[in-house]
Amino acid sequence: MKRPYSYIAGTGHAVPAKVVTNDDIAAMGVETNDAWIQERTGIRQRHIAEPGESLSSLCAKASLQAMARAGVQPGEIDTIIVGTASPDHLLPSQAVEVQTALGCSRAAAFDVASACSGWLYGAIVGDSMIASGAADTVLVIGAEKLSAIVDWTDRNTCILFADGAGATVLRRARGGQKGIMSTFMRSDGALAELLWRPAGGAAEPFTPETHGTKRQFIHMAGREVFKHAVRSMAEATDRALDMARITAADVDLLIPHQANVRIIEATAKHAGISMDKVFVNVDRFGNTSAASIPIALNDAVEQGVLKEGMTVLFAAFGAGFTWGSLVVRY
Ligand code: UT7
């Protein structure tokens, strides 16, 4: 069987209505400022959920848009995959909550825990399920409510992370060249503690004492993570291009994980892709982890930047560490 096995039939995204600017964070008493955040990350503002706003509702909104664009009814979805590090509940999965919200009664639903690579890993799993014959139509979502697991006094993380959901419908490709042309995924668990939540899991259950330690929040060694992100995103772009048997000159658009504009620029430079062919929206959305690529994808579609027939390179990097890439003929 030859690629492409699946293609992106529809995209959607949803973010909370509330916008938080860099000045708003400084006004909360965090020792930071708009100039530093813009210069070191490229972020101007981000969307943050209200406390009662569920991740499930963001997922459902993004998914309904993607399904409408794909012309897919809830009953046609075979599999729902949600990439997230901040599910509404630790048990059961975010994906079954989304299934119920959407009424996809025929679907199997499960989460992928790959942090910022969550949507990309999910898309590779979905593509593989379609290739194996296990599914024809897969809803792949990347979604985060990171505001709930960020320490709002830690300027290393709270200026970076944000909330949102992006959804894509993958369908079986039936001939032609449109679809996923190559996939690459890697992990390195030896470096897990550079970006993690120490407490709250079974190893260190949440107790009243946890509260004071703040170990239930995201802890990140920013500078170390930055270095690994640049190196791994470079490997990821190389490998996906090689496997698709194309070069950077063939790429019409690079849609990278929106972690930090300096990581994006380094990735583009390594790949030899000029910044006018790189989609950047970290300035408006911040780092939404697993949601960042599918939000950027839908933003690119809605802005008319991504057009049918284009060759798109996706690259992600996240906690784990996990990293990966895709080449897609859109
Ligand atoms: O999503 C996937 C995984 N995550 C990432 O890819 C994130 C990777 N890391 C980063 O994006 C960056 O490392 C950060 C944005 C987190 C930090 O930027 P940086 O350029 O690596 O800053 P730094 O930690 O090296 O700090 C530089 C200086 C320090 O001051 P001194 O020691 O030079 O006097 C920090 O104390 O900036 C200071 N600083 C800040 N100042 C104002 C650190 N954070 C802030 C802040 N506001 N928020």
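Just so you know, ligand 1 is whichever comes first in the structure, and atom 1 is the first atom listed for that ligand.
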Would you kindly say whether [X] and [Y] are connected by a side-chain donor-acceptor distance under 3.5 Å?
X    : Y    : value
T311 : D250 : no
S274 : D276 : yes
Q216 : T210 : no
Q99  : Q94  : no
R171 : T137 : yes
S117 : T322 : yes

Atom indices of ligand 1, in the order listed, that fall short of 4.0 Å to a heavy atom of [X]:
X    : answer
C116 : 1 (O), 2 (C)
R262 : 18 (O), 19 (P), 20 (O)
A259 : 1 (O), 6 (O)
R40  : 20 (O), 22 (O), 27 (C)
M220 : 4 (N), 7 (C), 16 (C)
F317 : 2 (C)
N156 : 16 (C)

Please say whether more than 12 non-hydrogen atoms of neighbouring residues, nucleotides or ligands are located less than 6.0 Å from CD in Q303. yes
Pair R44, D283 - check salt bridge (charged side-chain N to carboxylate O under 4.0 Å, His left out), show working. CA-CA 5 Å; R44 287 190 290 113; D283 53 327; 3.3 Å; yes
In terms of residue, atom name and distance, what is the protein heavy atom nearest to [atom]?
atom                    : answer
atom 38 (C) of ligand 1 : R155 NH2, 3.6 Å
atom 47 (N) of ligand 1 : T32 OG1, 2.7 Å
atom 1 (O) of ligand 1  : N287 ND2, 2.7 Å
atom 4 (N) of ligand 1  : V225 CG1, 3.6 Å
atom 6 (O) of ligand 1  : I263 CD1, 3.4 Å
atom 37 (O) of ligand 1 : W36 NE1, 3.2 Å
atom 11 (O) of ligand 1 : N260 ND2, 2.7 Å

R223 versus ligand 1: do any nitrogen or oxygen atoms come within less than 3.5 Å of each other?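 N/O-N/O distance under 3.5 Å: yes.
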Are any of the N or O atoms of T41 closer than 3.5 Å to those of ligand 1?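 Among all N and O atoms of T41, none is under 3.5 Å from an N or O of ligand 1.
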Would you say the ring centers of [X] and [Y] fall short of 6.0 Å from each other?
X    : Y    : answer
W119 : F314 : yes
H228 : F321 : yes
H13  : F285 : yes

Looking at A35, G222, S117, the heavy atom closest to atom 13 (O) of ligand 1 belongs to G222
May I ask which of L160, D34, L195, I218 has a heavy atom nearer to atom 3 (C) of ligand 1 than the others do? L195
Yes or no, since that's all I need: does a protein heavy atom fall within a distance strictly under 4.0 Å of [atom]?
atom                    : answer
atom 25 (O) of ligand 1 : yes
atom 31 (P) of ligand 1 : no
atom 34 (O) of ligand 1 : no

Starting from I130, can I reach I124 by hopping between I/L/V/M/F/W/Y residues whose side chains sit under 4.5 Å apart?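 Yes, I124 and I130 fall within the same hydrophobic cluster.
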Proximity to ligand 1 by part of F226, non-hydrogen separation under 4.0 Å: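 Both of them.
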The answer for which part of V30 has a heavy atom under 4.0 Å from ligand 1 is neither
Exercise: identify the closest heavy-atom pair between R172 and G133: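 For R172 and G133, the tightest heavy-atom pair comes out as NH2-CA, 3.7 Å.
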Validation row: L55, T84 side chains within 4.5 angstrom (heavy atoms): yes
